Visitor: 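Can you read through this structure? Questions will come right after.
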Amino acid sequence: MAMRSIFDGEIIRTEFDKAGINSHFAHSIWKYVIENPTCEWEQIPSLPSAAYPLLRSKFKPLTSTLHSVTHSTDHVTTKLLINLQNGGFVETVIMRYDSRLGKYAGKPRPGGLRSTLCISSQVGCKMGCKFCATGTMGFKSNLSSGEIVEQLVHASRFSNIRNVVFMGMGEPLNNYAAVVEAVRIMTGLPFQLSSKRITVSTVGIIHAIKKLHNDLPGLNLAVSLHAPVQDVRCQIMPAARAFPLEKLMDALQEYQKNSQQKIFIEYIMLNGVNDEEQHAHQLGKLLETFQVVVNLIPFNPIGTLSEFRTSGEEKVSRFQKILRGTYNIRTTIRKEMGQDISGACGQLVVNLPDKCSVKNTSPVTDIEDLCLQ
């Protein structure tokens with residue numbers, strides 16, 4: 001029987017309860033492991049005597065190991081390749097920002113230097129989006145809540161993580177229970193991340209969206225829309241056939257009514273596919289009754305097999321102006337980060353790379369903050 005991660009919160013609490021151990025001791029164990037990831041259980045002080053044999057027999061401080069670390073040449077992005085206990089691999093990406101850059105509501109932005117962690121929820125993905133490298137892997141397995149949280153533990157060795165976005169490998173809402181448990185651990189002791197600083201991205205799993213606000217109030221929802229009409233969505237996102245656009249928008253309307261929060265709309269710009277002026281107007285009309293932030297994402301190449309091309313800057317700018325000027329929809333253009341290490345949006349796919357060299361430059365403006373105001 002495989003040992004479980006100590007960060008599998010529901011399991012450690014259940015085992016402690018069965019043994020008559022106060023489950024609050026899990027918090028002090030987590031804190032110690034975060035600070036001492038290679039520790040032995042006997043080194044953790046002040047636990048009940050019954051806790052030590054239980055921990056030895058059923059749990060490991062970390063079930064995953066850090067296989068490699070790859071830095072972008074500008075030192076703004078770091079990609080971690082993590083080896084799981086079952087032999088699989090996932091990637092997680094640290095993105096460094098200066099949230100003081102740019103303006104918000106026409107005024108200087110408060111804040112400072114901080115990092116966002118882009119987390120994976122599955123090995124591979126069954127959604128099969130044609131513009132995404134992860135989709136070429138197919139679906140391998142779900143991560144446990146502990147394996148999801150361990151990505152944060154590994155990343156914390158390199159940077160002080162303030163924001164977490166579930167935009168890495170996999171469809172988070174297809175691994176719903178583990179993602180919900182992982183977020184609850186991240187927002188509790190000892191991590192204490194704000195739910196306002198955590199974003200879960202989905203292609204539009206309607207039944208899961210309907211219960212997300214009740215399970216994780218205050219969380220930010222991002223929707224990978226990528227097209228304003230159903231036929232184009234199905235062309236580039238085969239899984240969209242199971243989630244008709246009309247029903248998806250109804251679910252988002254209900255979500256927004258219950259949560260009273262803006263929804264983050266992700267829209268990848270594919271030349272000649274979804275980036276024409278007519279698409280901008282269709283998108284504007286689709287979203288004009290919502291409170292949203294639209295993030296236009298430059299398409300990142302995924303090798304010579306890709307059937308898509310990146311939209312030109314002029315097209316992207318015109319698309320943004322239509323949404324802003326005609327429909328008064330807040331629209332940003334995502335800054336490309338980590339493209340040189342295949343760590344940018346849509347590029348995550350398991351490889352076993354050599355470490356890249358690092359060169360110091362300044363952080364960039366934070367895009368993820370736009371959905372977190």
Side-chain angles (χ1 to χ4, degrees), residues 1-19 23 25-27 29-34 37-39 41 51 54-67 80-93 117-127 134 137-157 161 164-191 193 195 198-202 205 208 211-212 215-216 219 348 350:
M1 180 179 174
M3 303 286 272
R4 298 304 298 251
S5 168
I6 194 61
F7 293 99
D8 279 318
E10 186 174 350
I11 294 174
I12 185 66
R13 285 190 292 268
T14 299
E15 292 292 339
F16 272 19
D17 287 344
K18 287 195 297 186
S23 60
F25 280 107
H27 298 151
I29 296 172
W30 291 341
K31 185 175 188 297
Y32 193 91
V33 171
I34 292 167
T38 60
C39 69
W41 293 130
L54 175 59
L55 291 172
R56 282 196 302 270
S57 64
K58 295 191 175 182
F59 295 94
K60 294 174 71 173
L62 294 175
T63 58
S64 61
T65 57
L66 196 55
H67 181 274
L80 310 181
L81 182 62
I82 296 172
N83 192 186
L84 304 175
Q85 185 172 227
N86 65 3
F89 289 87
V90 291
E91 294 181 326
T92 189
V93 179
L117 182 65
C118 181
I119 274 183
S120 295
S121 56
Q122 298 177 313
V123 182
C125 183
K126 64 176 65 172
M127 296 295 99
T134 307
M137 293 176 60
F139 173 72
K140 307 296 184 184
S141 63
N142 283 323
L143 300 186
S144 72
S145 59
E147 289 170 327
I148 294 171
V149 175
E150 284 184 20
Q151 294 173 66
L152 176 59
V153 177
H154 288 301
S156 296
R157 294 166 51 190
I161 305 299
V164 168
V165 293
F166 283 79
M167 298 181 181
M169 298 169 65
E171 163 55 57
L173 297 192
N174 268 348
N175 191 13
Y176 189 86
V179 167
V180 168
E181 177 64 24
V183 170
R184 287 173 176 165
I185 293 172
M186 292 175 185
T187 54
L189 292 170
F191 295 101
L193 295 179
S195 59
I198 299 178
T199 302
V200 170
S201 175
T202 176
I205 312 297
K211 57 183 180 177
L212 187 62
D215 289 333
L216 294 173
L219 187 84
L348 296 191
V350 169

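For the single chain, residues carry numbers from 1 onward in sequence order. Remember, predicted model here, so these are calculated numbers, not experimental data.
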Visitor: Answer whether the closest heavy-atom distance between the side chains of Ile29 and Leu55 falls below 4.5 Å.
Guide: yes
Visitor: Are Leu84 and Thr63 packed together at the side-chain level, in the sense that at least one heavy-atom pair is separated by less than 4.5 angstrom?
Guide: no
Visitor: Let's go through Glu171 and Lys126 carefully: what are the C-alpha distance in whole Å and the side-chain angles of both, what is the deciding distance for side chain to side chain contact (heavy atoms under 4.5 Å, CB included) to 0.1 Å, and is it a yes or a no?
Guide: CA-CA 8 Å; Glu171 163 55 57; Lys126 64 176 65 172; over 6 Å; no
Visitor: More than 12 heavy atoms of other residues, nucleotides or ligands under 6.0 Å from NZ of Lys31: yes or no?
Guide: no
Visitor: Quick one: OG1 on Thr92 to CG on Leu66, what's the gap to the nearest 0.5 Å?
Guide: 10.0 Å
Visitor: Where is the tightest heavy-atom contact between Gly146 and Ser5, given as atom of each residue plus distance?
Guide: CA-OG, 3.7 Å
Visitor: Of all residues at least two apart in sequence or in a different chain, which pass the side-chain hydrogen bond (donor to acceptor under 3.5 Å, both in side chains) check with Thr187?
Guide: none
Visitor: Check the pair His154 / Leu62 against side chain to side chain contact (heavy atoms under 4.5 Å, CB included), numbers first and verdict last.
Guide: CA-CA 9 Å; His154 288 301; Leu62 294 175; 3.9 Å; yes
Visitor: Show your reasoning for whether side chain to side chain contact (heavy atoms under 4.5 Å, CB included) applies to Val153 and Phe191.
Guide: CA-CA 9 Å; Val153 177; Phe191 295 101; 3.9 Å; yes
Visitor: Over all heavy atoms of both residues, which pair between Cys125 and Thr134 is shortest? Give the atoms and the distance, please.
Guide: CB-CG2, 4.0 Å
Visitor: Would you say Ser23's side chain and Phe16's backbone share a donor-acceptor pair under 3.5 angstrom?
Guide: no
Visitor: Can you name the residues that form a side-chain hydrogen bond (donor to acceptor under 3.5 Å, both in side chains) with Tyr176, not counting sequence neighbours?
Guide: Asp215
Visitor: Please give me the minimum heavy-atom distance between Ile148 and Ser120, naming the atom from each residue.
Guide: CG1-O, 4.0 Å
Visitor: Is the shortest heavy-atom distance from the side chain of Ile11 to the side chain of Lys58 under 4.5 Å?
Guide: no
Visitor: Between Ile198 and Met186, does the side chain to side chain contact (heavy atoms under 4.5 Å, CB included) criterion hold? Intermediate values first, please.
Guide: CA-CA 9 Å; Ile198 299 178; Met186 292 175 185; 4.3 Å; yes
Visitor: In this structure, are over 12 heavy atoms from other groups packed under 6.0 Å from Gln85 atom CD?
Guide: yes
Visitor: Just checking, is any N or O donor in the side chain of Asn175 or Ser121 under 3.5 Å from an acceptor N or O on the other one?
Guide: no
Visitor: What's the shortest heavy-atom distance between Trp41 and Lys60, and which atoms?
Guide: CZ2-C, 3.5 Å
Visitor: Within the structure provided, determine whether Leu193 and Leu152 are in side-chain contact (heavy-atom separation under 4.5 Å).
Guide: yes
Visitor: How far apart are the closest heavy atoms of Gly88 and Asn86, and which atoms are they?
Guide: N-OD1, 2.9 Å
Visitor: Would a 4.5 Å heavy-atom cut-off, applied to side chains only, mark Gln151 and Leu80 as touching?
Guide: no
Visitor: Hey, could you give me the CG/CD distance between Asp8 and Glu15, rounded to the nearest 0.5 Å?
Guide: 11.0 Å
Visitor: Below 4.5 Å, heavy atoms only, C-beta onward: do Val179 and Leu173 meet side chain to side chain?
Guide: no
Visitor: Check Pro61 against Cys39 and note the closest heavy-atom contact, atom names and distance.
Guide: CG-O, 3.6 Å
Visitor: Can you name the one residue among Leu117, Ile119, Thr202 that meets side chain to side chain contact (heavy atoms under 4.5 Å, CB included) with Phe166?
Guide: Ile119
Visitor: For Asn83 and Thr65, indicate whether the former's side chain and the latter's backbone hold a donor-acceptor pair under 3.5 Å.
Guide: no
Visitor: Angle class for the Trp30/Phe7 ring planes (parallel below 30°, perpendicular above 60°, tilted otherwise)?
Guide: parallel
Visitor: Check for a donor-acceptor pair, side chain of Glu147 on one end and backbone N or O of Ser64 on the other, with a separation under 3.5 Å.
Guide: no
Visitor: Look only at the side chain of Gln122 and the backbone of Phe139, and say whether a donor-acceptor pair between them is shorter than 3.5 Å.
Guide: no
Visitor: Taking salt bridge (charged side-chain N to carboxylate O under 4.0 Å, His left out) as the test, write out the residues that go with Arg13, two or more places apart.
Guide: Glu181
Visitor: So Glu10 and Ser145, side chain to side chain donor-acceptor pair (under 3.5 Å) or not? Walk me through it.
Guide: CA-CA 9 Å; Glu10 186 174 350; Ser145 59; over 6 Å; no
